> 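The structure that follows is given in the form of structure tokens.
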There are 4 protein chains.
Amino acid sequence: MTNEAAKASRKSAPKPAHRRARARASTDLAPSRSKLPSNRAERAAERRGAIIEAAMDEFIARGFAATRLDDIAKRAGVAKGTIYLHFKDKESMFEELIRTAIVPLVIRLSSTPPAPGASVRDMVEAFARTFIAEVASTRRGDLIRLIVAEGPRFPAVADFYYREVITRGLAGMRAMIELGIARGEIKQKKLAQFPQILVAPALIAVIWQSLFSKHAPLDAIAMFRVHLDLIFGERRTA
Amino acid sequence: MTNEAAKASRKSAPKPAHRRARARASTDLAPSRSKLPSNRAERAAERRGAIIEAAMDEFIARGFAATRLDDIAKRAGVAKGTIYLHFKDKESMFEELIRTAIVPLVIRLSSTPPAPGASVRDMVEAFARTFIAEVASTRRGDLIRLIVAEGPRFPAVADFYYREVITRGLAGMRAMIELGIARGEIKQKKLAQFPQILVAPALIAVIWQSLFSKHAPLDAIAMFRVHLDLIFGERRTA
Amino acid sequence: MTNEAAKASRKSAPKPAHRRARARASTDLAPSRSKLPSNRAERAAERRGAIIEAAMDEFIARGFAATRLDDIAKRAGVAKGTIYLHFKDKESMFEELIRTAIVPLVIRLSSTPPAPGASVRDMVEAFARTFIAEVASTRRGDLIRLIVAEGPRFPAVADFYYREVITRGLAGMRAMIELGIARGEIKQKKLAQFPQILVAPALIAVIWQSLFSKHAPLDAIAMFRVHLDLIFGERRTA
Amino acid sequence: MTNEAAKASRKSAPKPAHRRARARASTDLAPSRSKLPSNRAERAAERRGAIIEAAMDEFIARGFAATRLDDIAKRAGVAKGTIYLHFKDKESMFEELIRTAIVPLVIRLSSTPPAPGASVRDMVEAFARTFIAEVASTRRGDLIRLIVAEGPRFPAVADFYYREVITRGLAGMRAMIELGIARGEIKQKKLAQFPQILVAPALIAVIWQSLFSKHAPLDAIAMFRVHLDLIFGERRTA
DNA sequence: CATGAATGAGGTTTCATTCAT
DNA sequence: CATGAATGAAACCTCATTCAT
């Protein structure tokens with residue numbers, strides 16, 4: 001008997017997209033003639049997007065090695081050969097994919113509005129809220145688990161992730177911590193040496209979500225607040 | 001073209017064992033007859049052990065799907081068919097394997113000597129030291145990453161891990177925290193609701209080790225101490 | 001050591017077909033577009049046919065279990081994987097195959113021209129002649145032996161054969177016998193209860209052909225005539 | 001999906017015999033010492049018998065290629081290696097087996113008591129009764145089907161069967177027919193040229209039993225009587 | 001550009017046969 | 001003699017990749 005669960009989910013997986021909504025109606029004024037090439041490029045980009053979307057789902061669901069290009073193609077609503085018009089092979093598709101997906105994630109997270117008169121704690125908490133809402137409980141969280149899972153086998157992915165996410169993220173956290181220390185909100189000065197501690201519960205939440213949410217739910221935000229209490233001192237009024 | 005990295009490491013992988021005989025000095029007086037079954041069983045157990053050992057290495061290095069039974073066999077120094085004398089198929093080998101490996105890990109960690117007159121902080125720190133030394137910086141850490149990676153595809157594994165490690169571990173942590181609160185060492189009473197926070201940096205260390213140790217080393221113990229300072233208050237004398 | 005005989009014949013087996021193209025003169029006026037699907041479908045049907053043909057030969061020569069898909073592929077002039085584009089697996093290939101092959105056999109036999117003023121004996125004899133010429137001494141006879149051989153292991157095949165061949169055939173024979181009785185050509189009224197008796201020598205001939213033709217030839221038609229003499233009475237003029 | 005029926009029956013197949021009843025209590029007067037070697041030979045013969053018995057069952061149930069020595073060993077209650085003490089390999093086991101099983105079958109059938117004042121018809125009918133009772137409705141019938149199935153792949157088996165069964169059987173039938181002709185019981189003189197006709201319905205019965213008994217039962221004896229009526233003329237009193 | 005039929009290397013699993021115990 | 005663990009050659013089947021249409 002083979003993995004029943006895997007088998008079961010394999011069947012239910014491909015939900016072909018079949019050319020999703022030719023979308024926004026090209027508002028440019030160019031004559032209809034010139035629209036053709038435009039449409040071409042547009043369509044190509046759309047297809048590429050559909051492939052990436054589909055591939056993400058499949059890779060998250062099965063991991064790199066167990067994912068079949070056939071399923072990606074079906075789910076994306078394209079032919080198998082079409083994938084090779086956009087990507088060199090399965091491996092570089094995976095790597096490009098991660099890059100493509102990470103960037104908006106980083107943008108999304110690093111663009112938390114600074115909030116003028118806020119305390120550092122509020123800023124960190126706002127950030128955590130965003131992270132938990134937008135990452136931990138969505139497919140983006142699985143993406144992080146995917147990177148943890150496949151990273152060692154894809155140095156390029158690990159490198160990229162380290163460069164784009166880890167260093168930036170830790171730098172941002174460190175800045176926050178130092179600001180907190182400067183403002184007197186944070187007592188523990190050594191925390192600046194290990195900004196990882198600040199985000200540790202967030203990672204825990206991501207992993208818990210993927211693996212154990214069906215065994216026991218985890219209120220990630222409540223957990224994070226307790227964590228912040230440790231760092232900033234208990235809140236006077238809760 | 002397949003995974004270049006995988007290909008490269010694949011070659012260096014199989015280090016045949018061929019640790020035959022061991023022929024123990026058989027000084028006992030038992031009749032020669034009784035030696036046969038003993039040796040048989042012993043050899044069988046040895047082989048099974050070698051297979052498990054080899055499989056663990058391969059699965060950690062490549063993940064479930066990308067691991068070849070051929071390589072496991074080579075590394076264990078047995079023929080491919082021999083694997084099937086000990087395990088039903090690749091999948092159940094993987095699951096049994098995780099079980100087999102988790103148990104001693106749990107035992108190792110849960111048997112930290114209670115240390116009579118120690119403070120809770122000392123106890124937690126001792127535990128963390130053990131964990132970091134025995135898990136985070138060894139192959140056992142990769143095992144945890146493997147479970148995180150494959151868990152969603154192997155519900156049996158996730159279930160087992162949740163039951164044997166997570167619930168037990170969290171219960172233990174919660175007990176510690178409550179003791180700390182009772183003794184006045186820990187101020188934050190809500191921490192008992194989220195024992196995950198206590199171990200979060202340890203998990204961070206495990207993952208960092210697997211993915212980013214070559215990008216930047218992480219002094220897990222120092223990090224953990226800072227974390228403990230947050231929980232127990234900064235140490236008077238460091 | 002494996003079956004020597006099988007080994008010997010195994011080598012001579014694969015006679016690749018490579019009957020590509022056929023390139024039909026395409027004199028039609030249809031737009032070039034419509035040719036594509038037509039050619040595609042045609043080619044696919046051709047390939048499927050070649051596989052079935054090859055598989056039939058191999059299965060007849062070695063039986064189900066001992067037949068290798070590799071040999072079928074070689075003989076059909078296709079790659080191993082191509083077989084799986086047409087059939088789910090070896091087993092369903094076998095079953096489909098039997099179905100595919102039985103139908104024309106039934107059609108061939110059931111389409112014996114009624115012959116207006118003929119006696120029942122003449123009709124039966126004509127039928128027997130057809131059967132012996134078109135089945136007993138051709139590969140179709142081996143097909144029947146194959147069904148006898150594998151039937152118990154493939155209930156679906158036995159069911160199909162019973163439904164499509166046995167019941168129809170016996171019904172036809174019974175109708176003949178009853179006509180013979182009505183016309184006074186056949187005396188033995190109980191024969192209608194066992195139409196099997198009518199065809200028994202034909203089956204004997206099929207089996208003899210497969211197994212003992214090299215030990216001693218069997219004049220199936222002469223045998224059948226003697227059998228008919230038993231049923232209809234000896235012929236006045238021979 | 002693989003052959004469900006085959007899978008199902010595979011599990012239920014091996015019913016270990018485990019040294020069936022050391023049987024008859026060696027009535028010889030020799031001292032207990034000499035019994036040992038005697039027992040040895042006896043035991044060896046017993047084991048060989050058990051293996052043959054088990055092998056027959058398995059080969060009949062699955063055919064040569066699909067039968068596993070493992071199952072034969074289990075069913076016979078011996079170790080796999082033991083089979084190789086009695087037979088060179090799977091193939092020669094199969095051939096020896098057929099020989100071993102055919103001989104008693106021939107003896108059983110050729111030893112029908114001559115019945116002093118009986119008519120030829122009575123003799124033939126008695127023979128048919130025996131055949132149908134002892135062969136067609138027992139495992140021996142399946143043995144014949146097995147020979148039909150595997151014969152082309154085992155020339156040695158086909159040769160042996162032709163020599164030991166077919167020629168003898170046909171010779172016997174021919175003698176009967178000639179006696180019937182001489183006594184005026186049989187009109188059709190040409191029947192002596194094709195004694196196969198005499199036994200054809202018996203073979204039909206054997207095959208029907210194996211393949212279609214579950215679709216529709218066949219009263220082999222009644223059928224045979226109708227067949228005899230064709231040959232000897234309808235019976236005056238039924 | 002897009003397709004999807006075709007390929008064939010490679011992976012898992014089975015099983016006849018051997019041989020140390 | 002008997003055992004059954006071990007072997008490793010095949011067998012079935014999958015799936016990344018190519019390429020004619």
Side-chain angles (χ1 to χ4, degrees), chain A residues 2 40 43-44 47 65-74 78-91 93, chain B residues 1-3 32-33 35-41 43-44 47-48 65-73 78-91 93, chain C residues 1-3 32-33 35-41 43-44 47-48 65-73 78-91 93, chain D residues 2 40 43-44 47 65-74 78-91 93:
Chain A
T2 51
R40 277 254 177 130
R43 286 277 297 268
R47 275 168 176 244
T67 289
R68 296 186 305 232
L69 291 191
D70 232 336
D71 285 346
I72 294 176
K74 245 175 241 147
V78 303
K80 224 180 335 171
T82 305
I83 293 176
Y84 286 85
L85 299 175
H86 294 276
F87 303 96
K88 181 173 149 277
D89 57 15
K90 192 185 177 185
E91 196 170 321
M93 174 171 60
Chain B
M1 236 123 299
T2 52
N3 190 337
S32 61
R33 244 325 176 31
K35 254 198 305 191
L36 288 178
S38 165
N39 269 341
R40 275 271 172 103
R43 288 276 300 269
R47 267 164 183 249
R48 194 189 155 94
T67 290
R68 293 181 312 221
L69 291 188
D70 230 342
D71 285 345
I72 293 176
V78 303
K80 233 184 314 178
T82 305
I83 292 175
Y84 288 85
L85 297 177
H86 294 276
F87 303 95
K88 186 175 147 284
D89 57 15
K90 192 185 179 186
E91 198 170 316
M93 174 169 64
Chain C
M1 237 123 298
T2 53
N3 192 336
S32 59
R33 243 328 172 35
K35 252 199 303 191
L36 288 178
S38 165
N39 269 341
R40 275 270 173 107
R43 288 276 298 269
R47 266 162 184 252
R48 195 189 153 94
T67 290
R68 293 181 312 225
L69 291 189
D70 231 341
D71 285 346
I72 293 176
V78 303
K80 229 184 320 177
T82 304
I83 292 175
Y84 290 87
L85 297 177
H86 294 277
F87 304 95
K88 187 174 145 288
D89 57 14
K90 191 185 177 185
E91 199 172 315
M93 175 169 64
Chain D
T2 52
R40 276 252 176 132
R43 287 276 299 267
R47 278 174 171 237
T67 290
R68 297 185 306 233
L69 292 191
D70 233 337
D71 284 347
I72 293 176
K74 245 176 242 145
V78 302
K80 227 187 323 178
T82 304
I83 293 175
Y84 287 85
L85 298 175
H86 294 277
F87 303 95
K88 180 173 151 279
D89 57 15
K90 192 185 178 187
E91 196 171 321
M93 175 170 63

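Computed from a predicted structure; not experimentally measured. Every heavy atom of this structure was used, including side-chain atoms; hydrogens, water molecules and symmetry mates were not. Reminder, nothing fancy here: chain letters follow the sequence lines and each chain counts from 1.
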> Looking at the side chain of A:K90, which of F:dG4, E:dT3, F:dT17 is the nearest nucleotide?
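Given the options F:dG4, E:dT3, F:dT17, the side chain of A:K90 is closest to F:dT17.
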> Phosphate oxygens OP1/OP2 of F:dG8: is one of them under 4.0 Å from a side-chain N or O of B:K80?
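False: B:K80 side-chain N/O out of range (4.0 Å or more) of F:dG8 OP1/OP2.
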> Give the minimum heavy-atom separation between C:R48 and C:H86, together with the two atoms involved.
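In terms of heavy atoms, the two residues are closest at NH1-O, 3.3 Å.
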> Between P on E:dC19 and CG on D:L85, what's the gap in Å once rounded to a whole number?
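For the pair D:L85 CG and E:dC19 P, the rounded distance is 14 Å.
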> Counting a pair only when it is Watson-Crick or G-U and both distances are under 3.5 Å, which runs of at least 3 such pairs involve DNA chain E?
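As far as DNA chain E goes, consecutive pairing (with distances under 3.5 Å) yields the stems E:2-21 with F:2-21.
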> Could you state the atom-to-atom distance from CZ of B:F87 to P of F:dA6 in whole Å?
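From B:F87 CZ to F:dA6 P: 12 Å.
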> In whole angstroms, how far is the C1' atom of E:dA2 from the CD1 atom of A:I83?
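Those two atoms, CD1 and C1', are 12 Å apart.
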> Return the 5'-most residue of the pair C:L69, A:D70 with respect to DNA chain F, ranking by each residue's nearest nucleotide.
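In this pair, the answer is C:L69.
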> If you take all heavy atoms of B:V78 and B:R47, which pair is closest and at what distance?
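Heavy atoms only, the tightest pair is CG1-NH1, 4.0 Å.
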> Report yes if a side-chain nitrogen or oxygen of C:R48 is closer than 4.0 Å to either non-bridging phosphate oxygen (OP1 or OP2) of E:dA6; otherwise report no.
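False: C:R48 side-chain N/O out of range (4.0 Å or more) of E:dA6 OP1/OP2.
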> How many whole angstroms separate atom NZ of B:K88 from atom P of E:dT13?
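For the pair B:K88 NZ and E:dT13 P, the rounded distance is 8 Å.
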> Looking at F:dT14, I'd like to know if its phosphate oxygens (OP1 or OP2) sit under 4.0 Å from a side-chain N or O belonging to A:R68.
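No, outside the criterion.
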> Please report, rounded to the nearest Å, how far the P atom of E:dT14 is from the CG atom of D:D71.
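Spelled out: CG on D:D71 to P on E:dT14 is 13 Å.
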> Name the residue closer to the 5' end of DNA chain F, choosing between B:A44 and A:A65 according to the nucleotide with the nearest heavy atom.
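Whichever sits nearer the 5' end wins; that is B:A44.
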> Do the non-hydrogen side-chain atoms of D:I72 and D:M93 ever get within less than 4.5 Å of each other?
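Counting from C-beta outward, D:I72 and D:M93 do come under 4.5 Å.
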> Quickly work out the B:I72 CD1 to E:dG10 P distance and round it to whole Å.
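Rounding to the nearest Å, CD1 of B:I72 and P of E:dG10 are 18 Å apart.
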> Mind checking salt bridge (charged side-chain N to carboxylate O under 4.0 Å, His left out) for D:D70 and listing every partner two or more places apart, or none if nothing turns up?
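With sequence neighbours excluded, D:D70 shows a salt bridge (charged side-chain N to carboxylate O under 4.0 Å, His left out) to D:K80, given in chain and number order.
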> Rounded off to whole Å, could you give me the CD-to-P distance for the A:E91 and F:dA16 pair?
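For the pair A:E91 CD and F:dA16 P, the rounded distance is 13 Å.
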> F:dA6, OP1 or OP2 - any side-chain N/O from B:H86 closer than 4.0 Å?
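B:H86 to F:dA6 OP1/OP2: side-chain N or O found under 4.0 Å.
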> Respond yes when some side-chain nitrogen or oxygen of A:T82 is under 4.0 Å from OP1 or OP2 of E:dT3, and no when none is.
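For E:dT3, OP1/OP2 do have a side-chain N/O of A:T82 under 4.0 Å.
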> Nearest 0.5 Å, what's the CG-CD1 distance between D:L69 and D:I83?
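It is 5.0 Å, given to the nearest 0.5 Å.
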> Run the side chain to side chain contact (heavy atoms under 4.5 Å, CB included) test against B:A79 and tell me which residues pass, sequence neighbours left out.
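Scan of B:A79 (side chain to side chain contact (heavy atoms under 4.5 Å, CB included), adjacent residues dropped) gives B:T82.
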> Could you give the OH-to-P distance, from B:Y84 to F:dG8, as a whole number of Å?
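Those two atoms, OH and P, are 16 Å apart.
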